[in-house]
Number of protein chains: 2
Amino acid sequence: MSDSRGRLNRDQVLRAAVALADANGLESLTMRKLGVELGIEAMSLYNHVANKVDLLDGMIDCVFAEIELPAGEADWKTAARRRAISAREVLSRHRWATALMESRTSPGPKTLRHHDAVLGLLRGAGFSIEMAAHAYSLMDSYIYGFALQETSLPFDSGESTTKAAQAIMARFAAGEYPNLTELATQHVMRPGYDYGDEFEYGLDLILDGLERAVSTG
Amino acid sequence: MSDSRGRLNRDQVLRAAVALADANGLESLTMRKLGVELGIEAMSLYNHVANKVDLLDGMIDCVFAEIELPAGEADWKTAARRRAISAREVLSRHRWATALMESRTSPGPKTLRHHDAVLGLLRGAGFSIEMAAHAYSLMDSYIYGFALQETSLPFDSGESTTKAAQAIMARFAAGEYPNLTELATQHVMRPGYDYGDEFEYGLDLILDGLERAVSTG
DNA sequence: TCAACCTCCCTTACAACGTAAGCTTACGTT
DNA sequence: AACGTAAGCTTACGTTGTAAGGGAGGTTGA
């Protein structure tokens, strides 16, 4: 499937794996299918990755590499804003990635460079070390959490109506969840509604709060 | 292993699965091991859960049931604060849960009741529907994201030093990540440092921001 | 009363997975 | 030409989720 002739390298393997996970979901990414995609046997992949965990680690690092680094020109707030929006966009493009970050305990070089650049932005803007830690934890928690919620959103992904789903619907009909019903009917189901639009509201609230904390601290 | 005599039911299966995932991690939760834990064969589990996905869905619902519901007595801010802290504590107790929420597209009854109660708290405090949606998205994104970061924290979980880890350490030594190094040496490695303490800083910043938005909106 | 029928457990079996082990091939150096 | 190494291949194994079917005990309807 890969059109480039010649020997394979790790990067091509990782890129193909990312593409496969994007297309069919992470659970359908197997060594054999990835081999087929690259025109080689599954076992040959082990010339480029140590094992599947290493493959997943590499994929995460690929994803981080796509996030726009803070340029450092503008003021910290707009730079942080752009970085956050880019991060969300990337995580939304690779829906499998956010949940995968869990067990990944060994970050790759691109990931570390990204973290370092963001910290550098904050420190350069005059944040104390402690305040930079606060800000980073807050911003990234929000970004990852939002991305995580976005992936789990579709209320029922078109699958057949299971017995459990029917039971839930019955509870809805019985008025057991009045506030959810209200939110769904009067807000979510409006034409043009897009949960992704929520992102910038929360982001700006957080950035404003940080700005206030920095100026008064 | 289960000491209760008599027939099994779904709840006991779910509880045992949660305990097993807590103890050994989600990846070691298999139908066979769960069967052993309950004193039955793997296939007998299918009398209580439809399949493994259903099992995982049920486990998530169990976790949500542990989160303290807003009592409704106090003002919205302290109620929301308590709920958020309880949620983080629960997710930290069940480290496998946050990442699992990804593909779980069909929330269980306990989960829905939880969401409904939080929305009810906000609406009861005078939040408009739109503002309640903002607030909920923001709070939960932060909670889940923080929990997600917490699980992936241990910089190296004591495993053998792989070649990749060595390469990373070499980059550290070469001063390639000055800001990360600074943060690590002057902040994180201080005695008594606990990343979990960051949670309340961000939470309060968010709640203050919401309060401001509500009073001026 | 007795036969039909659940419910909950069992055993057997299978395809798909990650990957250990070992072999072959092709290329860059010398 | 000789050789080391990198990158492919084949075979094989243990583990996974679960399809298929059987059997024991309790419940129910005629």
Side-chain angles (χ1 to χ4, degrees), chain A residues 1-18 20-21 23-60 96 100 102-104 106 159-160 162-164 167, chain B residues 1-18 20-21 23-60 96 100 102-104 106 159-160 162-164 167:
Chain A
M1 295 287 179
S2 174
D3 45 12
S4 80
R5 273 296 101 228
R7 303 290 250 293
L8 224 50
N9 60 28
R10 181 176 225 263
D11 252 21
Q12 295 172 44
V13 170
L14 294 182
R15 250 193 293 274
V18 166
L20 232 165
N24 308 330
L26 189 65
E27 74 288 350
S28 88
L29 171 67
T30 72
M31 301 302 270
R32 283 168 236 256
K33 283 183 196 160
L34 181 54
V36 167
E37 204 69 19
L38 291 163
I40 64 173
E41 295 299 314
M43 287 309 293
S44 301
L45 291 167
Y46 288 84
N47 288 308
H48 306 103
V49 295
N51 46 44
K52 189 158 186 187
V53 165
D54 183 38
L55 175 72
L56 296 175
D57 281 340
M59 290 167 68
I60 290 290
W96 45 270
L100 198 58
E102 176 215 30
S103 61
R104 301 303 118 232
S106 61
E159 198 53 28
S160 68
T162 66
K163 203 168 64 178
Chain B
M1 297 286 180
S2 176
D3 44 10
S4 81
R5 272 298 99 228
R7 305 287 250 294
L8 224 50
N9 61 27
R10 181 175 227 260
D11 253 20
Q12 294 172 44
V13 169
L14 294 182
R15 251 193 291 276
V18 166
L20 232 164
N24 308 331
L26 189 65
E27 74 287 350
S28 88
L29 171 67
T30 71
M31 301 302 270
R32 283 170 236 257
K33 283 183 197 160
L34 181 54
V36 167
E37 204 69 18
L38 290 164
I40 63 172
E41 296 299 313
M43 286 309 293
S44 300
L45 292 167
Y46 288 84
N47 289 303
H48 307 102
V49 296
N51 47 44
K52 187 156 187 187
V53 165
D54 182 38
L55 175 71
L56 297 175
D57 282 341
M59 291 167 67
I60 290 290
W96 44 270
L100 198 59
E102 175 215 31
S103 61
R104 300 306 117 231
S106 61
E159 199 50 29
S160 66
T162 67
K163 203 167 67 178

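Chain A is the first sequence line, chain B the second, and so forth, proteins listed ahead of strands; every chain is numbered from 1.
- For the side-chain hydrogen bond (donor to acceptor under 3.5 Å, both in side chains) test, no residue two or more places apart in sequence or in another chain qualifies with B:Arg32.
- Rounded to whole angstrom, the span from the CG atom of A:Leu29 across to the P atom of C:dG18 amounts to 8 Å.
- For the pair A:Lys52 NZ and D:dT16 P, the computed distance is 15 Å after rounding to whole Å.
- Across every non-hydrogen atom of B:Leu38 and B:Ala16, the tightest pair is CD2-CB, 3.6 Å.
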Quiz prompt | Bracket string, DNA chain C, 5' to 3' - pairs by Watson-Crick or G-U geometry under 3.5 Å, | interstrand | solution = ||||||||||||||||||||||||||||||
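- When the C1' atom of C:dA15 is taken as reference, atom CE of B:Met31 falls 17 Å away, rounded to whole Å.
- Taken residue by residue, residues 40-51 of chain B places heavy atoms nearer than 4.0 Å to DNA chain D at B:Met43, B:Tyr46, B:Asn51.
- Put simply, the side chain of A:Asp54 reaches to within 4.5 Å of the side chain of A:Arg10, judged on heavy atoms.
- Here D:dA6 presents its C1' atom at 16 Å from CZ of A:Arg10, a figure rounded to the nearest Å.
- Under a 3.5 Å cut-off, the side chain of B:Ser44 and the backbone N or O of B:Ile40 do not form any donor-acceptor pair.
- In this structure a side-chain-to-backbone donor-acceptor pair under 3.5 Å is present from A:His48 to A:Leu8.
- Per the geometry, NZ belonging to A:Lys33 stands 10 Å off P belonging to C:dA16, to the nearest Å.
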Quiz item: Would A:Met31 and A:Val49 satisfy side-chain contact (heavy atoms from CB on, under 4.5 Å), going step by step from the backbone distance to the final call?
Solution: CA-CA 11 Å; A:Met31 301 302 270; A:Val49 295; 4.3 Å; yes
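- Whole-Å rounding puts the A:Leu34 CG to D:dG8 P distance at 12 Å.
- Contact of the B:Leu29 side chain with the B:Glu37 side chain is not registered, since no non-hydrogen atoms from C-beta on lie closer than 4.5 Å.
- In this structure, A:Leu55 reaches neither bases nor backbone, as no heavy-atom distance under 4.0 Å exists between it and the strands shown.
- Between the P atom of D:dG17 and the CZ atom of B:Arg32 lies a distance of 7 Å, rounded to the nearest Å.
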Self-check item: Check against side-chain contact (heavy atoms from CB on, under 4.5 Å), B:Leu26 and B:Leu56
Solution: CA-CA 10 Å; B:Leu26 189 65; B:Leu56 297 175; 4.1 Å; yes
Quiz prompt | Chi angles and distances behind the side-chain contact (heavy atoms from CB on, under 4.5 Å) call for A:Leu55, A:Leu45 | solution = CA-CA 9 Å; A:Leu55 175 72; A:Leu45 291 167; over 6 Å; no
